[in-house]
Amino acid sequence: MSHTNKLKIFNDPIYGFITIPNSLIYDLVQHPYFQRLRRISQMGLSYLVYPGAHHTRFHHALGAMHMMQKAVEVLRFKGVTISKEEENALYIAILLHDIGHGPFSHAMEHSIVEEVNHESISLLFMNRLNQEFNGQLGLAIQVFKGEYHRKFMLQLISSQLDMDRMDYLKRDSFYSGVAEGNINSDRLIQMMNVVDDVLVMEEKGIYSIEKFLMARRLMYWQAYLHKTSLVAELTLTKTLQRAKELLQKGTVVECSRPLKYFMVHKVTLENFSTKDLDTFAQLDDFDIISALKDWQYHEDFILSSLSKMIINRDLSKVKLNSEKFPSEVLQEMSAQFAQTHQLSLQDTKYFIFKGKIKNQAYSKDAEPIRILKKDRTIEDVVEASDQLNLKALSKPVTKYFICYPKQLAEI
């Protein structure tokens with residue numbers, strides 16, 4: 001049997017070379033569950049707005065692991081003891097933190113696998129891999145679930161200043177071309193320390209943290225909550241809901257076997273079986289895109305219209321407002337659209353709908369970002385900062401939106 005060299009190097013456009021630290025990590029990366037992430041776009045349908053945003057979850061997971069390698073190096077240099085097992089657990093947990101994402105990320109969570117969020121599916125995948133790898137992921141799962149006594153390890157994976165955000169802000173900013181999202185992750189990692197097993201940031205890093213929070217806020221408005229990305233994702237959600245509705249009524253709707261499986265079966269976290277997980281592992285962006293290409297010729301007016309909107313990027317109009325839109329506006333448009341296309345008022349909800357989006361760069365209710373002052377005291381970054389903008393960044397901003405087909409009269 002030929003011996004494979006498992007200490008591979010990936011060439012990353014942002015960080016240069018990313019090294020695989022050991023053969024267990026290599027085997028996890030090679031696993032079909034992880035390779036599937038090459039076929040899942042990191043920013044969903046944002047490429048309809050930013051043509052460069054075609055990077056994948058695979059890319060991001062490796063980048064986050066690379067950030068974690070740097071963090072471990074910095075913390076050890078500062079005298080924080082991290083055992084070999086703990087180090088490995090951190091790499092595995094961050095590498096697999098997004099493994100449960102479905103095609104186009106969030107659209108699936110609201111339409112097909114309705115009641116199961118991607119974090120729960122990530123955990124199901126991790127447990128399954130742990131069986132395959134004879135329990136070698138045990139500690140990583142404990143850390144991921146927040147059950148390990150050293151709190152800073154979970155904070156590095158999931159907090160308001162974690163390795164996940166360190167990578168995705170930099171990466172999404174790079175690929176989308178939204179320069180405002182670029183952050184100095186090297187500097188942020190250099191400022192990290194651990195006191196009593198809790199992650200803290202040294203006071204001299206405070207301006208880098210402010211820039212990081214600002215970048216996060218701008219990336220949300222300019223990329224993640226961009227109104228065109230928003231309407232594209234909502235249209236995709238509604239297309240999948242319509243296909244599901246038709247299938248359940250007995251109408252023939254062609255799509256791939258794994259996609260049909262989730263359309264027909266109601267899957268909840270309680271009844272998520274081994275078969276469900278294996279079928280979910282076969283789903284990726286390509287199932288959805290090929291279904292949409294097919295559905296644009298379906299005899300159902302709603303399904304074909306919605307599919308065409310995404311395939312041809314001929315999306316509905318979106319209006320944003322700081323105030324709620326009055327219901328009368330919605331009713332009037334729905335009546336007009338129903339009449340034009342011989343639809344029931346109930347069916348117009350696929351085309352005309354409203355909602356709200358919320359952006360909060362820093363949450364006071366979540367685990368705070370702690371600043372380690374020169375006198376060794378620790379305080380929340382909002383209190384430690386002399387900048388008023390951090391107080392502003394911790395206020396949630398809500399915007400209301402309404403979506404409607406272009407052919408309707410302007411509001």
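Only heavy atoms go into these numbers, but all of them, side chains included; no hydrogens, no water, no symmetry mates. The structure presented is a predicted model; accordingly, all values stated were derived computationally and were not measured. Sequential numbering from 1 along the given sequence is applied to the chain's residues.
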- Query: Is the number of heavy atoms from other residues, nucleotides or ligands within 6.0 Å of CD (E323) greater than 12?
  - Reply: no
- Query: Say you draw a straight line from CD1 of I288 to CG of L240; how long is it, rounded to the nearest 0.5 Å?
  - Reply: 5.0 Å
- Give me the one residue out of I92, D167, I94 that meets side-chain contact (heavy atoms from CB on, under 4.5 Å) with M65. I94
- Message: Pair S159, D162 - check side-chain hydrogen bond (donor to acceptor under 3.5 Å, both in side chains), show working.
- Response: CA-CA 5 Å; S159 68; D162 56 27; 4.7 Å; no
- Query: Heavy-atom distance under 4.5 Å between the side chains of I121 and I99, does that happen here?
  - Reply: no
- Describe, in one word, how the ring planes of Y224 and Y168 are oriented to each other, choosing from parallel (under 30°), tilted (30 to 60°) and perpendicular (over 60°). perpendicular
- Item | D285 (side chain) donor-acceptor with S41 (main chain) under 3.5 angstrom | yes
- Message: Less than 3.5 Å apart, any donor N or O on the side chain of Q282 or R257 sitting next to an acceptor on the other?
- Response: yes
- Go through the steps to decide whether H31 and E132 satisfy the test side-chain hydrogen bond (donor to acceptor under 3.5 Å, both in side chains), and finish with yes or no. CA-CA 10 Å; H31 196 283; E132 272 186 49; 2.9 Å; yes
- Message: Whether E87 and K84 form a salt bridge (side-chain N of Lys/Arg under 4.0 Å from carboxylate O of Asp/Glu) is what I want to check.
- Response: yes
- Query: Hey, are the side chains of D12 and R171 touching, using non-hydrogen atoms and a 4.5 Å cut-off?
  - Reply: yes
- Message: Let me confirm one number: the CG-CG distance from N88 to L139, rounded to the nearest 0.5 Å.
- Response: 9.0 Å
- When rounded to the nearest 0.5 angstrom, what distance separates CE in M191 from CD in E202? 6.0 Å
- Query: Got F351 and C403 here, is their nearest side-chain heavy-atom distance under 4.5 Å?
  - Reply: no
- Message: Quick check against the 3.5 Å criterion: does D287 have a side-chain atom that pairs as donor or acceptor with the backbone of D284?
- Response: yes
- Item | Ion pair K151/D196, N-O distance below 4.0 Å | no
- With side chains defined as the heavy atoms from C-beta onward, is the minimum distance between D314 and K308 less than 4.5 Å? no
- Message: Once rounded to the nearest 0.5 Å, what's the spacing between atom OG of S158 and atom CD of E367?
- Response: 9.5 Å
- Within-4.5 Å side-chain heavy-atom neighbours: H60 and H97: yes
- Message: Working to the nearest 0.5 angstrom, can you tell me the gap between D98 CG and T56 OG1?
- Response: 11.0 Å
- Query: Any side-chain heavy-atom pair from N182 and K170 closer than 4.5 angstrom?
  - Reply: yes
- Note on the structure: Result for side chain to side chain donor-acceptor pair (under 3.5 Å) between Y175 and one of H55, H54, H59 points to H59
- Query: Are E379 and K373 close enough, and set up right, to give a salt bridge (charged side-chain N to carboxylate O under 4.0 Å, His left out), and what steps lead you there?
  - Reply: CA-CA 8 Å; E379 64 180 349; K373 311 269 293 234; 2.7 Å; yes
- Nearest 0.5 Å please: distance from the OG atom of S385 over to the OH atom of Y207. 7.5 Å
- Using atom types as modelled and distance alone, determine if a side-chain donor or acceptor of D380 lies under 3.5 Å from a backbone N or O of V382. yes
- Do the ring planes of F272 and F280 sit parallel (below 30°), tilted (30 to 60°) or perpendicular (above 60°)? perpendicular
- Message: I'd like to know if the side chain of K78 and the backbone of Q190 have a donor-acceptor N/O pair within less than 3.5 Å.
- Response: yes
- Within 45° of the six-membered ring axis of F401 and under 6.0 Å from that ring's centre, is NZ or CZ of K319 located there? no
- Message: Check whether F58 forms a cation-pi arrangement with R38 (NZ or CZ under 6.0 Å from the six-membered ring centre, at most 45° off the ring normal).
- Response: yes
- For the residue pair H101 and H118, does the interplanar ring angle fall in the parallel (under 30°), tilted (30 to 60°) or perpendicular (over 60°) class? parallel
- Message: Suppose we screen for side-chain contact (heavy atoms from CB on, under 4.5 Å). Which residues come up paired with K266, at least two apart in sequence or across chains?
- Response: E115
- Message: Could you check whether any side-chain N or O of N271 sits under 3.5 Å from a backbone N or O of T268, counting only pairs where one atom can act as donor and the other as acceptor?
- Response: yes
- Row check, W221 ring normal vs K399 NZ/CZ: under 6.0 Å, within 45°: yes
- Message: Between E86 and S83 (side chain of the first, backbone of the second, donor and acceptor by atom type, cut-off under 3.5 Å), is there such a pair?
- Response: yes
- Message: Side chains of I189 and M163, heavy atoms from C-beta outward: is any pair under 4.5 Å?
- Response: yes
- Short side-chain to backbone donor-acceptor contact, N127 and L123, under 3.5 Å: yes
- Message: Within the structure provided, determine whether L372 and I378 are in side-chain contact (heavy-atom separation under 4.5 Å).
- Response: yes
- Message: Could you walk me through whether R217 and Q360 satisfy the side-chain hydrogen bond (donor to acceptor under 3.5 Å, both in side chains) test, starting with their C-alpha distance in whole Å, then the side-chain angles of each, then the deciding distance to 0.1 Å, before giving a yes or no?
- Response: CA-CA 7 Å; R217 174 167 180 234; Q360 188 173 13; over 6 Å; no
- Message: Before you tell me yes or no, could you show the steps for R216 and Y362 under side-chain hydrogen bond (donor to acceptor under 3.5 Å, both in side chains), namely the whole-Å CA-CA distance, both residues' side-chain angles and the distance that decides it to 0.1 Å?
- Response: CA-CA 9 Å; R216 188 162 183 264; Y362 181 72; over 6 Å; no
- Are a donor atom and an acceptor atom from the side chains of T279 and D276 found within less than 3.5 Å of each other? no
